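This structure is a prediction, so every number in the text was calculated from the model and none was measured.
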Amino acid sequence: MIERFEKFSIAISDISRYWHKISADEMSKYGLKGSHATYLTVMSRFPEGITATQLCDLCGKDKSDVSRMMSILERKGLVTKEGIHQNLYKGSFKLTEEGKTAADEVQKRAVLAVTLAGEDVSEEERAIFYKVLGSIAENLSKLSRDGLPEDQL
């Protein structure tokens, strides 16, 4: 069981480290951090605009992270804030034309990275992998919320 824990932990850590390096390298072209890639790709799915609360949910980030990231994207001219009183939690964020161009390029590069990362994985294996990965993520979410059971050793 320890070997399984070690393999799982090391693989997750490696994937995270490599993915963050790739996204940081790609986003440096725009003077942004790797974490901005997620915001741009999510926002591109909402051409009518998206609220900070929706970004929190869809990106899995807290309000302070969304606030910081949107502020940076606004300063870079990639995002505009529209709507009620222009405060963070009212109104919506929209990609500018420059933001749409950046988001399109980021999406293309992300698809390329995912394709190359899984080039030796069949469609059947990929479907199983994502099903299992989703299940593990759900189970870990529950465990992190509720804690490990005391009566199971």
Side-chain angles (χ1 to χ4, degrees), residues 3-83 86-123 125-145:
E3 181 181 338
R4 205 166 105 193
F5 167 76
E6 289 172 355
K7 283 182 179 181
F8 178 81
S9 297
I10 291 168
I12 292 295
S13 178
D14 284 349
I15 289 168
S16 179
R17 183 175 63 248
Y18 300 141
W19 191 252
H20 282 96
K21 182 183 181 327
I22 291 166
S23 64
D25 290 348
E26 289 297 317
M27 295 310 293
S28 69
K29 300 171 189 173
Y30 303 99
L32 298 170
K33 296 180 180 184
S35 53
H36 287 104
T38 302
Y39 288 100
L40 289 174
T41 58
V42 167
M43 290 181 70
S44 70
R45 295 192 339 243
F46 297 87
E48 71 286 350
I50 185 169
T51 66
T53 301
Q54 290 171 306
L55 281 168
C56 288
D57 293 341
L58 294 170
C59 296
K61 303 293 183 178
D62 61 30
K63 290 178 182 179
S64 64
D65 190 70
V66 169
S67 177
R68 276 191 308 278
M69 295 299 169
M70 290 301 101
S71 178
I72 292 167
L73 291 173
E74 281 184 284
R75 282 196 308 271
K76 297 278 186 183
L78 302 173
V79 169
T80 60
K81 181 72 185 326
E82 298 179 351
Q86 305 298 310
N87 73 19
L88 179 60
Y89 301 107
K90 304 277 186 187
S92 62
F93 293 100
K94 281 185 162 183
L95 290 172
T96 63
E97 287 306 314
E98 186 179 352
K100 289 175 189 175
T101 301
D104 287 346
E105 183 63 23
V106 168
Q107 284 179 312
K108 288 175 189 171
R109 301 293 290 169
V111 167
L112 176 61
V114 170
T115 300
L116 293 174
E119 68 185 351
D120 58 344
V121 178
S122 72
E123 285 304 315
E125 290 170 323
R126 190 177 335 282
I128 292 168
F129 171 75
Y130 283 118
K131 183 179 186 312
V132 169
L133 191 61
S135 181
I136 290 171
E138 260 184 58
N139 291 336
L140 288 174
S141 173
K142 184 176 186 288
L143 288 171
S144 71
R145 184 181 60 247

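Rounded to the nearest 0.5 angstrom, Lys94 NZ and Ile50 CD1 are separated by 12.5 Å. Ser44 OG to Gln107 CD: the interatomic distance, rounded to the nearest 0.5 Å, is 3.5 Å. If you take CE on Met70 and NZ on Lys63, they are separated by 15.0 Å, rounding to the nearest 0.5 Å. Here the CG atom belonging to Leu78 is positioned 9.0 Å from the CE atom belonging to Met43, to the nearest 0.5 angstrom. One finds the CG atom of Leu140 at 12.0 Å from the NZ atom of Lys142 (value rounded to the nearest 0.5 Å). For the atom pair CE of Met27 and NE2 of His36, the computed distance is 7.0 Å after rounding to the nearest 0.5 Å.
Looking at Ser141 and Glu138, their side chains never bring a donor and an acceptor atom within 3.5 Å of each other. A donor atom on one side chain and an acceptor atom on the other are not found under 3.5 Å apart for Ser122 and Arg126. Using modelled atom types and a 3.5 Å distance limit, the side chains of Glu74 and Thr80 yield no donor-acceptor pair.
Counting only heavy atoms from C-beta outward, the side chains of Leu58 and Arg45 approach each other to under 4.5 Å. Put simply, the side chain of Ile136 reaches to within 4.5 Å of the side chain of Phe8, judged on heavy atoms. Annotation: side chain of Val121 is not in contact with side chain of Phe129 (no heavy-atom distance under 4.5 Å). For the pair Tyr18/His20, no side-chain contact is recorded, criterion being any heavy-atom separation below 4.5 Å from C-beta on.
Checked by atom type and distance alone, the side chain of Ser16 never pairs as donor or acceptor with a backbone atom of Ile12 at under 3.5 Å. Panel note: side chain Ser71, backbone Ser67; no donor-acceptor pair is recorded below 3.5 Å. Under the 3.5 Å distance criterion, the side-chain polar atoms of Thr96 are matched with a main-chain donor or acceptor of Gly99. With hydrogens and angles ignored, the 3.5 Å screen pairs a side-chain donor or acceptor of Lys76 with a backbone N or O of Gly31. Side-chain atoms of Ser28 come within 3.5 Å of backbone atoms of Asp25 as a donor-acceptor pair (strictly under, hydrogens ignored). The backbone N or O of Lys131 sits nowhere less than 3.5 Å from a side-chain atom of Ser135 that would complete a donor-acceptor pair.
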Residues Glu3, Phe5; criterion side chain to side chain contact (heavy atoms under 4.5 Å, CB included); working and verdict: CA-CA 5 Å; Glu3 181 181 338; Phe5 167 76; over 6 Å; no
Criterion side chain to side chain contact (heavy atoms under 4.5 Å, CB included) on Lys29 and Arg109, from CA distance to verdict: CA-CA 12 Å; Lys29 300 171 189 173; Arg109 301 293 290 169; 3.8 Å; yes
Salt bridge (Lys or Arg N to Asp or Glu O under 4.0 Å) evaluation trace for Lys108 with Asp104: CA-CA 6 Å; Lys108 288 175 189 171; Asp104 287 346; over 6 Å; no
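When Asp65, Ile72, Leu95 are each tested for a side-chain contact (heavy atoms from CB on, under 4.5 Å) with Tyr39, only one passes: Asp65.
Of all non-hydrogen atoms in Thr51 and Gly91, the two that sit nearest each other are CG2-O, 3.3 Å. Minimum heavy-atom separation, Tyr30 to Ala102: CE2-CB, 3.7 Å.
Contacts of Arg17 classified as side chain to side chain donor-acceptor pair (under 3.5 Å), with partners at least two apart in sequence or in another chain: Asp14.
A 6.0 Å sphere centred on NZ of Lys21 holds no more than 12 heavy atoms belonging to other residues, nucleotides or ligands.
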